[in-house]
Amino acid sequence: MRQQKDSPVYLGGILFIKKTLILLLTGIILMQDNNFIKSGNTIKKIALIGSTGSIGRQTVQVVSAHPDRFKIVAIAANRNSEEFLRQVKELKPCCYAAAEQDGQAALDIASFTDADIVVVACGGFAGLKYSLAAVNAGKTLALANKETLVCGGELIIPLAEQKGVDILPIDSEHSAIWQCLEYDRKKPFKRLIITASGGPFRGYTKEQLEGVTPEKALCHPTWNMGAKITIDSATMLNKGFEVIEAHHLYGAEYGAITAVIHPQSIVHSMVEFADGAVLAQLSEPTMHLPIQAALCYPERLPCGYVQPMDFTKALSLEFLPIERGMYPCYDIALQCGRAGGTAPAILNAASETAVGLFLQNKLPFTGIYAVINDVLSGTPQAEINGYDGISAADTLARQRALAAAQKYKR
Ligand code: MG
């Protein structure tokens, strides 16, 4: 981990005088700025894991729009990329680390002492260990990494309860539900209704699906996201993951979660209550809103990245059922969710491997489901006892997915 060091000792005296002057000046400014005193705002200090990914970059934008409210104090990314080095320069975090160079240092960022809130925005199974580190350190966890709950929900939810740590959802559907529940994850409800765009291949025949290329699959009709999640949206595996996430996050039985196709991606999800009332959260699709909702919680602040809804023009919102068999990856994800234990972790590892191969043009689009199905039917599932068991299931499933992919090779 790199630390941005204080100036050398010989400058200490000058610095002391400078700091005293700054403190005095700040005091005078604060006394003059009554609004600041009245609002009593404190700056939330944020550690950001996965700073160069899609959610990471949007988190930086949200933070930069409210410098009086947020400060990024530590960042970690996978690689020392140009973007990462640019962020280090711009954000001047106290600490930064690239996981590829120093895995432990990146992990230390997730439990960074000075942070009030840890945003886990990296993708994939790797996110689970960062989320666990944050919760173990007693940090509020703003969670964009869905694999944390998919693979480790049975582990992290009780751990967070025990540590008294808040988990704030950043996934847009779960943020919508959270907002409909008035930010109370324990509020009673009858049913959660998760919306899905249906992806770019809704209505495609089996033959058409076989010819789908990575370029085509990476064009999502409504959302702009990272590659893995865009492909998972096309197969609807992503929606299956989100049902599992909702099960853990809101303690919902699988029978009390419905997913529906909503091609416009304006209603981000809904909650039905005991009396039959259904509340929905609407906005133009952008991740800036759920990111800011989590960072601002329990307040709301203006967000310049959200296009206001224009109700002076005609607006049609459609909702269509997901028929069984239409999206085999969605169906198999629900089976894994219901099975529990390491089944969702095996599913996820197989999907990460298969999607990676598809993106490299080494597996056809329909091979993604075929590989997942093979791995799940041939890998023993176990109960969850701790991180090591989940990690072992993940490693084994990746090996099996690579072997299974040989059969379906392009
Ligand atoms: Mg989502």
> So do the side chains of Ile193 and Val271 get within less than 4.5 Å of each other, counting heavy atoms only?
Replying inline: no
> Between the side chains of Asn80 and Glu100, is a donor N or O closer than 3.5 angstrom to an acceptor N or O?
Replying inline: no
> So, for Pro158 and Leu155, which heavy atoms are closest and what is the spacing to 0.1 Å?
Replying inline: CD-O, 3.4 Å
> Pairs in or reaching into residues 191-200: which pass side chain to side chain donor-acceptor pair (under 3.5 Å), with residues at least two apart or in two chains?
Replying inline: Arg191-Thr258, Arg191-Glu272, Ser197-His220
>> Distance alone, cut at 3.5 Å: any donor-acceptor contact between the side chains of Lys239 and Ser233?
In response: no
>> With side chain to side chain contact (heavy atoms under 4.5 Å, CB included) as the test, pick out the partner of Leu295 among Val63, Leu301, Ile170.
In response: Val63
> So which pairs with a foot in residues 278-296 pass salt bridge (Lys or Arg N to Asp or Glu O under 4.0 Å), sequence neighbours left out?
Replying inline: none
> Quick one: are Arg69 and Glu299 in side-chain contact, heavy atoms under 4.5 Å?
Replying inline: yes
Please tabulate, for side-chain N and O atoms in residues 46-56, each donor-acceptor pair with protein atoms closer than 3.5 Å (sequence neighbours left out).
| unit_1 | atom_1 | unit_2 | atom_2 | d |
| --- | --- | --- | --- | --- |
| Ser51 | OG | Gln87 | OE1 | 2.7 |
| Ser54 | OG | Gln58 | NE2 | 3.3 |

> Among all residues two or more places apart in sequence or in another chain, which pass the ring pair (Phe, Tyr, Trp, His ring centres under 6.0 Å) test with Phe189?
Replying inline: none
>> Looking at every non-hydrogen atom in both residues, tell me the closest pair between Trp178 and Pro169 and how far apart they are.
In response: CD2-CD, 3.7 Å
> Under 3.5 Å, is there a donor-acceptor pair between the Gln179 and Arg300 side chains?
Replying inline: yes
> Is any NZ, NE, NH1 or NH2 atom of the basic residue among Lys187 and Glu182 found under 4.0 Å from an Asp or Glu carboxylate oxygen of the other?
Replying inline: yes
> Would one find more than 12 heavy atoms of other residues, nucleotides or ligands at under 6.0 Å from atom CD of Glu82?
Replying inline: no
>> Minimum heavy-atom separation for Ala294 and Ala142, please, with both atom names.
In response: CB-CB, 4.3 Å
>> Using the rule given for salt bridge (charged side-chain N to carboxylate O under 4.0 Å, His left out), can you reason through Glu242 versus Lys146, listing the C-alpha separation, both sets of side-chain angles and the distance that settles it, and then say yes or no?
In response: CA-CA 8 Å; Glu242 290 180 350; Lys146 52 187 71 202; 2.7 Å; yes
>> Restricting to non-hydrogen atoms, name the atom on Pro364 and the atom on Glu210 that form the minimum distance, rounded to 0.1 Å.
In response: CB-O, 4.4 Å
>> Over 60° means perpendicular and under 30° means parallel, so tell me whether Tyr250 and His174 are parallel, tilted or perpendicular.
In response: parallel
>> To the nearest 0.5 Å, what is the distance between CG on Leu192 and CD1 on Ile257?
In response: 5.5 Å
>> Run Ser175 and His268 through side chain to side chain donor-acceptor pair (under 3.5 Å) and show every step you take.
In response: CA-CA 8 Å; Ser175 174; His268 299 305; over 6 Å; no
> Who are the side chain to side chain donor-acceptor pair (under 3.5 Å) partners of Thr286, not counting sequence neighbours?
Replying inline: His288
>> Are the side chains of Ile266 and Met309 in contact, using a 4.5 Å heavy-atom criterion?
In response: yes
> Who pairs with Arg86 by side chain to side chain donor-acceptor pair (under 3.5 Å), at least two apart in sequence or on another chain?
Replying inline: Glu83, Glu90
>> Could you work out, with ring pair (Phe, Tyr, Trp, His ring centres under 6.0 Å) as the rule, every residue matching Tyr204, not counting sequence neighbours?
In response: Phe201
>> Per the side chain to side chain donor-acceptor pair (under 3.5 Å) rule, what does the pair list look like for residues 120-136, sequence neighbours excluded?
In response: Ser131-Thr148
> What distance do Leu143 atom CG and Ile167 atom CD1 have between them, rounded to the nearest 0.5 Å?
Replying inline: 6.5 Å
> For Lys186, what residues pass the salt bridge (charged side-chain N to carboxylate O under 4.0 Å, His left out) criterion, not counting sequence neighbours?
Replying inline: Glu161
>> Nearest 0.5 angstrom please: Leu289 CG to Cys296 SG, how far?
In response: 10.0 Å
> Which distance, rounded to the nearest 0.5 Å, do you find between the CZ of Phe112 and the OH of Tyr96?
Replying inline: 13.0 Å
> Is there any side chain to side chain donor-acceptor pair (under 3.5 Å) pair reaching into residues 383-392, and which pairs are they, with sequence neighbours excluded?
Replying inline: none
>> Do Leu317 and Leu282 make a side-chain contact, defined as non-hydrogen atoms from C-beta onward lying under 4.5 Å apart?
In response: yes
> Asp310: what forms a side chain to side chain donor-acceptor pair (under 3.5 Å) with it, not counting sequence neighbours?
Replying inline: Thr312, Lys313
>> Between Ile156 and Leu149, is the side-chain contact (heavy atoms from CB on, under 4.5 Å) condition met? List the steps.
In response: CA-CA 7 Å; Ile156 202 162; Leu149 290 170; 4.0 Å; yes
> If you measure from NE2 on His262 to OG1 on Thr222, what distance do you get to the nearest 0.5 Å?
Replying inline: 8.5 Å
>> Using every non-hydrogen atom in the two residues, find where Cys336 and Ala343 come nearest and quote the distance to one decimal.
In response: O-CB, 3.8 Å
> Taking atom CD1 of Ile372 and atom OG of Ser351, what is their separation to the nearest 0.5 Å?
Replying inline: 5.0 Å
>> Under the side chain to side chain donor-acceptor pair (under 3.5 Å) definition, can you give me all pairs with a residue in residues 317-345, not counting sequence neighbours?
In response: Gln264-Glu318
> Would you find more than 12 non-hydrogen atoms of other residues, nucleotides or ligands less than 6.0 Å from Lys362 atom NZ?
Replying inline: no
>> Please find the pair of heavy atoms, one from Ile43 and one from Asp68, that lie closest to each other, and give the distance.
In response: CG1-O, 3.3 Å
> Between Lys45 and Asp116, does at least one N-O distance fall below 4.0 Å, as a salt bridge requires?
Replying inline: no
> Do the non-hydrogen side-chain atoms of His66 and Gln292 ever get within less than 4.5 Å of each other?
Replying inline: yes
